[in-house]
Amino acid sequence: MTDYRKIAALLFPQIHKTPEDYAAQYPARSLPEGAAVTRFAPSPTGFIHIGAVYAAMIAQRLARQSGGVFYLRIEDTDKKREVEDGIAQIVRGLEAFGIVADEGFVPGGETGAYGPYQQSHRGDIYQCYAKDLVERGLAYPCFCTEEDLNSVREKQEAQKLRTGYYGAFAHCRELSDEEIENKVRAKTPFVLRLKSPGREDRRISFADKIKGKIEMPENDQDLVLLKRDGIPTYHFAHAVDDHLMGTTLVVRGDEWISSTPIHMQLFQALGFKPPKYAHIAPIMKEENGSKRKLSKRKDPEAAVLYYYAEGYPAASVLEYLDTISNSNFEDWRRANPAADRWEFPFQLSKMSQSGALFDLNKLNDVSKNCISRMTAREVYEGIASWAREYDPAFAALLEKDPDYAKAILSIDRGGSKPRKDLAKWADAKAYMAYFYQELYQPDYTLPEQVAPADAAAVLAAYEKVYDPEDDKEAWFAKVKALCEPLGFSPDVKAYKKDPSGFKGHVGDLSTVIRIAVTSRRNTPDLCAIMGLLGRDACFQRLRAAKEYYQSAGASARAGVK
RNA sequence: GGCCCGAUGGUCAAGCGGCUAAGACACCGCCCUUUCACGGCGGUAACACGGGUUCGAUUCCCGUUCGGGUCACCA
């Protein structure tokens with residue numbers, strides 16, 4: 001007859017607390033009815049994955065929406081994969097997207113009454129529950145070596161049996177008290193395994209909040225609870241922590257679905273009420289015609305830093321993620337363009353069952369809309385702070401005269417039909433370049449239908465009438481007035497009906513001026529641009545272009561002869 | 001291979017027994033327009049396949065195929 005208490009004491013001599021002690025230390029939370037306690041529980045293994053932000057964002061939303069708590073727990077039970085500064089990277093990465101936990105790890109440290117929120121600091125807690133399991137005959141030490149395990153697996157494979165440590169293959173289940181005592185005394189390393197009460201021929205089901213009812217065979221594997229070093233495995237830590245911390249809803253990637261039977265079993269063995277689960281489908285990437293999960297290793301766009309470096313505003317990435325998470329988000333946004341995204345009534349049941357391909361086009365579109373809703377000041381701040389890090393020279397240029405930059409960004413901003421030129425801060429430099437002498441690179445290439453000599457004539461004439469004081473109407477009236485004497489039609493429609501007799505229309509003519517001033521065929525309102533550039537710069541550019549076309553016209557004539 | 005999950009246009013997706021099968025992004029055309037952008041209008045484009053159930057299947061059931069996940073002393 002096995003004496004479980006004796007074995008437990010032998011295995012965990014230093015543990016004196018009991019589960020009751022911890023139950024008292026971490027009382028149930030007093031929260032309003034229906035409030036969800038959710039969490040984000042990453043491993044500090046390097047940069048934050050976009051999928052992690054996605055999951056964290058959903059968990060946070062669910063907690064906030066229900067008046068609950070969202071906390072950040074660090075799952076650092078695998079020292080091999082741990083990365084230096086990992087925790088700070090996570091906290092900072094989330095903060096960059098406005099995700100700050102209510103509890104657990106937050107910028108500046110750790111907070112909350114249910115900690116520690118770092119698994120490596122919870123060793124005694126796990127050991128205590130492990131000891132309890134041993135005392136109750138639900139867990140046992142396993143002294144098998146890696147080689148033992150391998151040979152078992154080979155045997156199983158040869159016989160085409162399910163592999164793993166279960167049933168009759170779980171040799172250490174049968175160890176006598178004496179054998180255990182001897183091995184422990186001899187300091188033989190061991191892991192602690194669950195004595196699984198499950199049976200493969202029985203089924204277990206649970207109601208996933210996203211995927212609905214999922215039915216699977218029970219787990220009958222004697223899973224490792226504590227590793228050789230005494231550190232818990234994910235499964236065990238999950239059960240203990242989420243119970244003690246009062247988690248009511250676990251939001252996690254759907255790669256965990258297949259281990260949920262294990263978790264249900266663990267919760268039961270420990271006497272805990274299991275949380276609800278919401279398994280979210282991963283964000284996918286297309287490669288060579290097939291889908292696969294965005295990979296941290298292979299895909300730069302998996303890293304949240306990528307979006308940051310490209311200059312996508314955090315708000316854009318979040319909104320993009322919102323559109324993926326609930327397909328009615330876009331409709332809601334159209335109906336509530338100015339509303340805070342927190343006001344959107346998010347529903348887990350509206351989440352997609354299968355993974356969505358990451359769509360850069362869509363991100364760009366969402367981001368353009370986001371940026372178009374911002375004020376010039378916000379856009380300026382966004383560009384400047386991005387540039388400080390990724391394009392210091394450009395940042396310096398902007399910061400030399402913030403008001404000028406803001407004025408540029410104000411052109412056609414606001415109103416019901418705002419421009420949507422910028423998808424990311426990195427687009428700003430090209431968009432603004434011609435406003436800065438330091439960045440300006442003249443390019444006088446004309447549209448095909450305009451001859452250099454005509455361009456020269458247009459500029460020569462325009463130079464004489466240009467008045468920086470003109471408002472938009474006066475400005476355009478002058479451009480129009482130039483048309484007929486120079487052989488252009490002031491009326492685009494009339495020209496299109498009958499192009500004969502004209503060299504072009506006002507559009508062509510103003511294009512000449514536009515190119516002369518900005519070296520661009522397409523720009524926002526030219527009058528506003530010239531106003532910002534100032535009279536000196538405008539005259540200077542107008543003249544330079546005119547001279548260019550004059551000499552080009554001359555050489556063209558020379559060539560013809 | 002076992003076990004799970006999934007399958008509507010190029011992408012994201014509405015749909016939940018009877019619809020000319022929404023909408024968004026992308027693409028194309030037209031309109032507006034001094035250019036662009038914005039906006040408006042329109043267009044190309046989809047229910048993976050085979051069996052059932054039913055008066056009737058995109059929708060329900062079963063197979064097939066395909067895609068994804070998982071089978072660690074990693075999370």
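Chain identifiers are assigned alphabetically (A, B, ...) following the order of the sequence lines, protein sequences preceding nucleic acid strands; residue numbering begins at 1 within each chain. Predicted, not measured: the structure shown is a model, and the values here were computed from it. No hydrogens, no waters, no symmetry mates; every other heavy atom, side chains included, goes into these values.
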Pairing partner (Watson-Crick or G-U wobble, both distances under 3.5 angstrom) of [N]:
{"N": "B/A57", "result": "none"}
{"N": "B/G50", "result": "B/C62"}
{"N": "B/C41", "result": "B/G29"}
{"N": "B/C73", "result": "none"}
{"N": "B/A13", "result": "none"}

Side-chain H-bond candidate by donor/acceptor type, A/Thr45 with A/Arg81, under 3.5 Å:
no
Nucleotide [N], atom [atom2] - distance to [atom1] of [X] in whole Å:
{"X": "A/Leu422", "N": "B/C38", "atom1": "CG", "atom2": "P", "value": "12 Å"}
{"X": "A/Asn522", "N": "B/C38", "atom1": "CG", "atom2": "C1'", "value": "14 Å"}
{"X": "A/Trp332", "N": "B/A24", "atom1": "CH2", "atom2": "P", "value": "18 Å"}
{"X": "A/Leu223", "N": "B/C73", "atom1": "CG", "atom2": "P", "value": "8 Å"}
{"X": "A/Ile283", "N": "B/G6", "atom1": "CD1", "atom2": "C1'", "value": "17 Å"}
{"X": "A/Arg333", "N": "B/C25", "atom1": "CZ", "atom2": "C1'", "value": "17 Å"}
{"X": "A/Leu360", "N": "B/U11", "atom1": "CG", "atom2": "C1'", "value": "12 Å"}
{"X": "A/Asp421", "N": "B/A37", "atom1": "CG", "atom2": "P", "value": "9 Å"}

Distance in Å, [X] [atom1] paired with [Y] [atom2], rounded so as to fall on 0.5 Å steps:
{"X": "A/Glu463", "Y": "A/Leu542", "atom1": "CD", "atom2": "CG", "value": "6.0 Å"}
{"X": "A/Ile283", "Y": "A/Ile324", "atom1": "CD1", "atom2": "CD1", "value": "4.5 Å"}
{"X": "A/Asp322", "Y": "A/Trp332", "atom1": "CG", "atom2": "CH2", "value": "8.0 Å"}

Reckon [X] touches a base, only the sugar-phosphate, or nothing at all at heavy-atom distances under 4.0 Å?
{"X": "A/Ile257", "result": "sugar-phosphate"}
{"X": "A/Ser354", "result": "sugar-phosphate"}
{"X": "A/Ser372", "result": "nothing"}
{"X": "A/Val479", "result": "nothing"}
{"X": "A/Asp508", "result": "nothing"}
{"X": "A/Cys483", "result": "nothing"}
{"X": "A/Arg153", "result": "nothing"}
{"X": "A/Thr45", "result": "nothing"}
{"X": "A/Lys472", "result": "base"}
{"X": "A/Arg521", "result": "base"}
{"X": "A/Ser43", "result": "sugar-phosphate"}
{"X": "A/Val366", "result": "nothing"}
{"X": "A/Arg193", "result": "sugar-phosphate"}
{"X": "A/Asp78", "result": "sugar-phosphate"}

Please determine, for the side chain of [X], which listed nucleotide ([options]) has the closest atom?
{"X": "A/Arg514", "options": "B/U34, B/C73, B/A75", "result": "B/U34"}
{"X": "A/Val506", "options": "B/G68, B/U34, B/U33", "result": "B/U34"}
{"X": "A/Pro217", "options": "B/C3, B/A24, B/C73", "result": "B/C3"}
{"X": "A/Pro418", "options": "B/A75, B/U34, B/C38", "result": "B/C38"}
{"X": "A/Arg81", "options": "B/A75, B/G23, B/U34", "result": "B/A75"}
{"X": "A/Met284", "options": "B/C73, B/G68, B/A75", "result": "B/G68"}

Output yes when at least one side-chain N/O atom of [X] is less than 4.0 Å from OP1 or OP2 of [N], else no.
{"X": "A/Lys227", "N": "B/C74", "result": "yes"}
{"X": "A/Lys213", "N": "B/C5", "result": "no"}
{"X": "A/Gln353", "N": "B/G6", "result": "yes"}
{"X": "A/Ser352", "N": "B/A13", "result": "yes"}
{"X": "A/Lys420", "N": "B/G39", "result": "yes"}
{"X": "A/Arg203", "N": "B/C4", "result": "yes"}

Do A/Leu409 and A/Met432 come close enough that some side-chain heavy atom pair is under 4.5 Å?
yes
Side-chain contact, heavy-atom cut-off 4.5 Å: A/Met216 with A/Met264?
no
Is the ring of A/Phe476 stacked on the base of B/U34, with centres less than 5.5 Å apart and planes under 30° off?
yes
Per nearest nucleotide of RNA chain B, the residue lying toward the 5' end, A/Cys144 or A/Lys496, is A/Lys496
Residue mapping more 5' on RNA chain B - nearest nucleotide basis, A/Val224 or A/Leu526
A/Leu526
Nearest-Å distance once atom [atom1] is located in both [N] and [M]:
{"N": "B/C62", "M": "B/U20", "atom1": "C1'", "answer": "32 Å"}
{"N": "B/A37", "M": "B/A26", "atom1": "P", "answer": "12 Å"}
{"N": "B/G23", "M": "B/A14", "atom1": "C1'", "answer": "7 Å"}
{"N": "B/C16", "M": "B/U59", "atom1": "P", "answer": "13 Å"}
{"N": "B/C12", "M": "B/G18", "atom1": "C1'", "answer": "28 Å"}
{"N": "B/C66", "M": "B/U8", "atom1": "C1'", "answer": "15 Å"}
{"N": "B/C73", "M": "B/G17", "atom1": "P", "answer": "46 Å"}
{"N": "B/U58", "M": "B/C19", "atom1": "P", "answer": "9 Å"}

Can you find an N or O donor on one side and an acceptor on the other, under 3.5 Å apart, linking the side chain of A/Arg419 with the base of B/C36?
yes
Classify the side chain of A/Ser258 versus the base of B/U70 as yes if they form a donor-acceptor pair under 3.5 Å and no if they do not.
no
What is the minimum heavy-atom distance between A/Gln353 and A/Ile210, and which atoms define it?
NE2-O, 2.9 Å
If every non-hydrogen atom of A/Leu192 is compared with every non-hydrogen atom of A/Pro141, which pair is closest and at what distance?
CD1-N, 3.9 Å
Aromatic A/Tyr440 / basic A/Arg541 pairing, under 6.0 angstrom, 45° off normal
yes
Quick one: is the NZ or CZ of A/Arg520 closer than 6.0 Å to the six-membered ring centre of A/Tyr434, and within 45° of its axis?
no
